[in-house]
2 protein chains.
Amino acid sequence: MTINDVARECGVAASTVSRAFSRPGRVSAATAERIKEAAERLGYRATPLSLRTVTGQTGMIGLVVSDVTNPVYFPLIRGAEAAATERDWMTLLTDAQESARKERDGIDRSLTAVDGLLLAGTRMSDASIRLVAQQLPVVVCNRAVTGVHSVVADNARGIRRAVEHLADLGHTTITYVAGPEASWADGVRWRALREATYELEMRAVRVGPFPPTVDGGVSAVQALRRLDPTAVIAYNDLLAIGLLRGLAAAGVAVPSDVSVIGFDNIFGSDFCTPGLTTVAIPLRGLGGEAVARLAAQIDGGAGHQIRPTVVPTRLVVRDSTAPRRAQHRRARSSPPT
Amino acid sequence: MTINDVARECGVAASTVSRAFSRPGRVSAATAERIKEAAERLGYRATPLSLRTVTGQTGMIGLVVSDVTNPVYFPLIRGAEAAATERDWMTLLTDAQESARKERDGIDRSLTAVDGLLLAGTRMSDASIRLVAQQLPVVVCNRAVTGVHSVVADNARGIRRAVEHLADLGHTTITYVAGPEASWADGVRWRALREATYELEMRAVRVGPFPPTVDGGVSAVQALRRLDPTAVIAYNDLLAIGLLRGLAAAGVAVPSDVSVIGFDNIFGSDFCTPGLTTVAIPLRGLGGEAVARLAAQIDGGAGHQIRPTVVPTRLVVRDSTAPRRAQHRRARSSPPT
DNA sequence: CTGAAAGCGCTAACAT
DNA sequence: ATGTTAGCGCTTTCAG
């Protein structure tokens, strides 16, 4: 069923059928009606991909995530999907599976298929990203790359809130459990932590890096125990949840022995034990915002301001944080109160 | 950069360039080399979407999920993604957002863009699915539809194992907390539960339906408390995790007062409290298998056996199941042992 | 308001 | 082994 079949059926030219669909108003109401009716009857469906050859547009955007399996992306994907659908775009999903090569390949293959690209959690270098952005509209999520449009969370403010919260609870030293070194967010969070602790006259300690997974968190506990911290902020919730498990297994009580704070407020951070105090990012909104920025580039052409869009963060206090324990926990035999 | 630019650069015909890429061996090694070099230099990239007009193929498959936010789909999406990439296909993702209309729309829009369609957790009627399957290759995940290719988990065996496990623990009555009525899996699981309990001379009780979400599970607790069950099997893990939370809030101890079993083994079922005993589905494999079946249809043409591919399930025993409590729990004031 | 014709990037006959 | 030609489904001039 092509546009020609519909045209023949209605006794009009193919171009008229085309106009009836893509240029409403440039065709008389009567014929437009007739055409739509015939199209419906014949079961004709527009083939947006044909446009690629003639207009250069495909009506699709690419979404490359570093790992579809990571719960952080759930709301982000949905937000992007919804915003794309609203603009009548379809979403081409690519899972990099935490592999730089797969990511590059996926981007390469997307390049000619999409009108724009969303990069979420990319592991590529800034230079590589800029190279891609030269070829088509790109928006990077949760990372700032000079010269490339991006949408980032207000990491610094989130960390600041977390540190203040711990300060209120009487903590004086905060241990940061670091995520991957290639992660832009990890750098920003650690820096913000140092600044905030400095201002509040606290101490900051860093351990890691660790893989940003539950298992990574479990394995981090060993390093942590030597430090015997009273307050920990983890790079993200996955790591924090792993910490919770590892600490429980080691007989360290959270939050009475040590307070733990995560980042992202992912699915599961509310029903782990204890419920995780964490910095929430409006990931859904972030995804939508990213698509909006992409749309601005695609429709509006080049230029505009290239400064990152910043979405706010907030601290969600649950049960993994508590006042600092009075004395040193070495006397493991001390009876519980 | 088109095929023509490369052709001009090399002093050959466009068709030769085309052949150099898509029909290796039908062009002399020397020219092939020359062409590839020039293409590289000019930054030419193949545009697979153009093929749609001439070959009818797009090199993309569609993946429609009822809710991208549901953790069950993550391994499935990844499995499908990986299998598709292996075959050099790209994945067009559509999120139905639990809305039948959005699902229909998404499918409609995919129809002309993809070579085949994977339906995961579809809410459509069997008839509608068959209608779609008439228009292009379709594989349904986790649901059997006569006349349509499908990949399903061995729900019955999973339930059977769960029931046996509870029987071993001395339980005599099992309460099933049902999921959505439109869900094929819900029907199958409940039926299997009835059969298994019948064989083992136990009793089966059903409550619900409830939305298959954590909140749904929390709200199900009210209905459950009237029944005062000793063993519960929930439609899925989301529901089961909600149950765990609701029961804890109501002061009912799991597993000593009541055993709870879920289904799916989703992310989070291991770190909720207590760890959830659940029936695991190899979702990743299921997604890969579904793509394989799709490939068989696309390449191999029509026909073949249309019987569902069945992937195995297994029971993962964690901490939410225990021997049946000795006496009736009404005396809420009885001291803990 | 509508038709005719050209052309998008590419491949598939059909020649040579 | 390679060039020529036609044509895929669609939009876009350009006429009328």
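It should be emphasised that the depicted structure is a prediction, and the values quoted were computed from it without experimental measurement. Convention: sequence-line order gives letters A, B, ...; per-chain numbering from 1.
- At a cut-off of 3.5 Å, with distance as the only test, a side-chain donor of A:T91 or A:E81 sits close to an acceptor on the other residue.
- Looking at A:T146 and A:R130, their side chains do bring a donor and an acceptor atom within 3.5 Å of each other.
- For the segment residues 51-62 of chain A, residues with any heavy atom less than 4.0 angstrom from an atom of DNA chain C are, sorted by number, A:T53, A:V54.
- Side chains of A:R293 and A:T309: a donor-acceptor N/O pair is present below 3.5 angstrom, by distance only.
- At the heavy-atom level, A:S28 lies under 4.0 Å from the strands shown only through sugar-phosphate atoms.
- B:V12 comes within 4.0 angstrom of the backbone, heavy atoms only, and of no base.
- Side-chain atoms of B:S66 and B:E103 include no donor-acceptor pair closer than 3.5 Å.
- Checked against D:dG9, C:dG3, D:dT2, the side chain of A:T16 finds its nearest nucleotide in C:dG3.
- A donor atom on one side chain and an acceptor atom on the other are found under 3.5 Å apart for A:S28 and A:T31.
- In terms of position along DNA chain D, the nucleotide closest to B:A14 lies nearer the 5' end than the nucleotide closest to the other residue of the pair B:A14 and A:A14.
- In the interface, the side chain of B:S15 is paired with the base of D:dT4 through a donor and an acceptor atom under 3.5 Å apart.
- Residue A:T31 has a polar side-chain atom (N or O) positioned under 4.0 Å from OP1 or OP2 of C:dT2.
- One interatomic measurement links the two molecules: CZ of A:F21 to P of D:dG9, which rounds to 16 Å at whole-angstrom precision.
- One atom, CD of B:E33, and another, P of D:dA1, lie 17 Å apart when rounded to the nearest Å.
- For B:L49 and D:dC10, the CG to C1' distance is 14 Å, given to the nearest whole Å.
- Judged by closest nucleotide on DNA chain D, B:R26 is the one of A:N4 and B:R26 placed further toward the 5' end.
- Note on B:S18: every side-chain N or O is 4.0 Å or more away from OP1 and OP2 of C:dC10.
- For the OP1/OP2 pair of C:dC1 and a distance below 4.0 Å, the side-chain nitrogens and oxygens of A:R23 include no atom meeting the criterion.
- For B:T2, whose side chain is taken as the heavy atoms from C-beta onward, the closest listed nucleotide among D:dG3, C:dG3, C:dG9 is C:dG9.
- For A:I3, whose side chain is taken as the heavy atoms from C-beta onward, the closest listed nucleotide among D:dC10, D:dA1, C:dC10 is D:dC10.
- With sequence neighbours excluded, the residues that form a ring pair (Phe, Tyr, Trp, His ring centres under 6.0 Å) with A:F74 are B:F74.
- For D:dG3, its base sits under 3.5 Å from the side chain of B:R19 at one donor and acceptor pair at least.
- Of the N and O atoms on the side chains of A:S128 and A:S125, at least one donor lies less than 3.5 Å from an acceptor on the other residue.
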